[in-house]
Amino acid sequence: MQSRLEVEELDYLTKNFHLFIKPLPYSTDCIRSVDLLDGKKCASYLDELSSVLRSPSRMITASQFSKRYAFLTLTTGLYAMTMYNKGLDLGIENSLLESSVTHNKSWSTRICAPDLHVTEPAAGKRDEWRNETIRNLFAGHLAKLWRSISETANIPVAILWENTAVRLYSLYEKRMGEGANSQENKRIQEDFEYLISKAPGTVFGETDNPMEKFYFPACMTSSANQPVRIRKTCCFYYKVSANESYCSTCPKVVKKHE
C-alpha cells in the first residue's frame, strides 16, 4: 500500500540518520550510489576519501566507508520499517551520497532520496511486506555495493557485512527501545529475530544470512567494563584514528589480553 512519512517521522530520520529529500547546494560533493557499482568511479571515490581520512590504503578506507554508509541506509530503512511500519524506497538508483569536509577536517555525509516512495503493509500481509522491504534494502542495494567495493578495494566482503551487522545490532538493541510502546516493542523483537535468525540469505543477496553469521552472546573481556560482542573481523579503525585506538569489540584487542 502506498503511504507517506509524517512530518515528525521525516524530521526524526533527518536529525538522527541524516536522511534528506532535497539535495544540498551544488557545491557539495555528491555521487549517485549506483555510480559506485562502476569500478573506476568507485576507485576514484575511495581514493579521494583516503586523502580526507588520512587512510594508508584503499582497503582501510573501504571499511570505514561501509560503516558510515550502512548507518545512512540500513538504520534509516529498518528504523522506519519497525518503528513506523513504513517501507522506504532507498534503492541504489534512488540514492545520492552527499559529503563534505567540515572546518575541523572531519568527514560529514548524508543520504538523499529525492524520489522517495513509502509503503505500508496491507492488512494481514506484514510478513510478505517486511520480506520485500528487507530485500530491496539489502539484496537490491547493499549487497550490490559491497561486492563492488570488495572487488575495487580488495577487501574481504565479510568485513563489509560485519560492519553492516554491527550497525543493525546496535539499532535494535540500543536505539529502538527508547520510548517504544507495547506494539512497537513487539515489532522490535519480531523484526530483530527475523533479521538475525529467520530471514533467508536470498533477501540479503547472499547464500546465507550474513546478519546471523556475526550474532552471538556478548561476553566480558579484560578490555571492557561491560559485556561486549567481540567482532570476528577487524574493521581497521585503529589505522585512521588519531591516537591509533582500537574499538572495544576488536578481536585484536582480545588477542592482546589473552
Is there a donor-acceptor pair under 3.5 Å between the side chain of [X] and the backbone N or O of [Y]?
| X | Y | answer |
| --- | --- | --- |
| R68 | T109 | yes |
| S170 | V166 | no |
| R110 | F20 | no |

Say you draw a straight line from [atom1] of [X] to [atom2] of [Y]; how long is it, rounded to the nearest 0.5 Å?
| X | Y | atom1 | atom2 | value |
| --- | --- | --- | --- | --- |
| W161 | E206 | CH2 | CD | 5.5 Å |
| H18 | S108 | NE2 | OG | 7.0 Å |
| N163 | T233 | CG | OG1 | 6.0 Å |
| N131 | K198 | CG | NZ | 13.0 Å |
| I134 | L78 | CD1 | CG | 6.5 Å |
| S150 | L145 | OG | CG | 11.0 Å |

For [X] versus [Y], what's the shortest heavy-atom pair and its separation?
| X | Y | result |
| --- | --- | --- |
| I188 | A180 | CD1-CB, 4.1 Å |
| P200 | F204 | O-CD1, 3.5 Å |
| T152 | R58 | O-NH1, 3.2 Å |
| N209 | I196 | ND2-C, 4.2 Å |
| L13 | A80 | CD1-CB, 4.4 Å |
| C235 | Q64 | O-NE2, 2.7 Å |

Check: Y215 ring centroid to F192 ring centroid under 6.0 Å
yes
Taking the side chain as everything from C-beta on, heavy atoms only, tell me whether [X] gets closer than 4.5 Å to [Y].
| X | Y | result |
| --- | --- | --- |
| F71 | L171 | no |
| E6 | K86 | yes |
| S57 | I60 | yes |

Starting from the C-alpha separation in whole Å, work towards a yes-or-no answer on side-chain contact (heavy atoms from CB on, under 4.5 Å) for T249 and R229.
CA-CA 6 Å; T249 59; R229 184 177 294 113; 5.6 Å; no
Cationic tip of R231 within the cone over F214's six-membered ring, i.e. under 6.0 Å and within 45° of the normal?
no
Suppose the criterion is salt bridge (charged side-chain N to carboxylate O under 4.0 Å, His left out): which pairs have a residue in residues 117-128, not counting sequence neighbours?
R126-D191, D127-R130
Testing the 3.5 Å rule here: is there a donor-acceptor pair between the side chains of [X] and [Y]?
| X | Y | result |
| --- | --- | --- |
| Y172 | T82 | yes |
| W146 | T164 | yes |
| S99 | D29 | no |
| T61 | S55 | yes |
| W129 | T119 | yes |

Using the six-membered ring wherever Trp is involved, compare the ring planes of Y238 and Y246 and label them parallel, tilted or perpendicular (cut-offs 30° and 60°).
parallel
Parallel, tilted or perpendicular: rings of Y45 and F65 (30°, 60°)
perpendicular
Quick check: is L96 connected to L19 through a chain of hydrophobic side chains (ILVMFWY, heavy atoms under 4.5 Å apart)?
no
Are I21 and Y12 connected in a single hydrophobic cluster, I mean Ile/Leu/Val/Met/Phe/Trp/Tyr linked by side-chain heavy atoms less than 4.5 Å apart?
yes
Less than 4.0 angstrom from a charged side-chain N to a carboxylate O is my criterion; do K213 and D208 meet it?
no
Are the charged groups of K186 and E190 less than 4.0 angstrom apart, N to O?
yes
Got a sec, which residues hit side chain to side chain donor-acceptor pair (under 3.5 Å) with S33, two or more places apart in sequence or on another chain?
Y69
Tell me every residue that passes side chain to side chain donor-acceptor pair (under 3.5 Å) with N16, counting only those two or more places apart in sequence or in another chain.
R175
Should we say atom CD of Q183 is surrounded by more than 12 heavy atoms from elsewhere, each under 6.0 Å from it?
no
If you count heavy atoms of other groups shown closer than 6.0 angstrom to NZ of K67, is the number above 12?
yes
Stepwise salt bridge (charged side-chain N to carboxylate O under 4.0 Å, His left out) test for E162 and K232:
CA-CA 8 Å; E162 185 161 24; K232 291 187 177 182; over 6 Å; no
Could you go through the side-chain contact (heavy atoms from CB on, under 4.5 Å) check for L88 and L116 one step at a time?
CA-CA 7 Å; L88 308 184; L116 185 66; 4.0 Å; yes
Given the rule in the side-chain contact (heavy atoms from CB on, under 4.5 Å) test, do N136 and L90 qualify, once you have shown the distances and angles that lead to the verdict?
CA-CA 8 Å; N136 289 338; L90 293 175; over 6 Å; no
side-chain contact (heavy atoms from CB on, under 4.5 Å) between I155 and I149, intermediate numbers included:
CA-CA 8 Å; I155 181 173; I149 289 177; 4.3 Å; yes
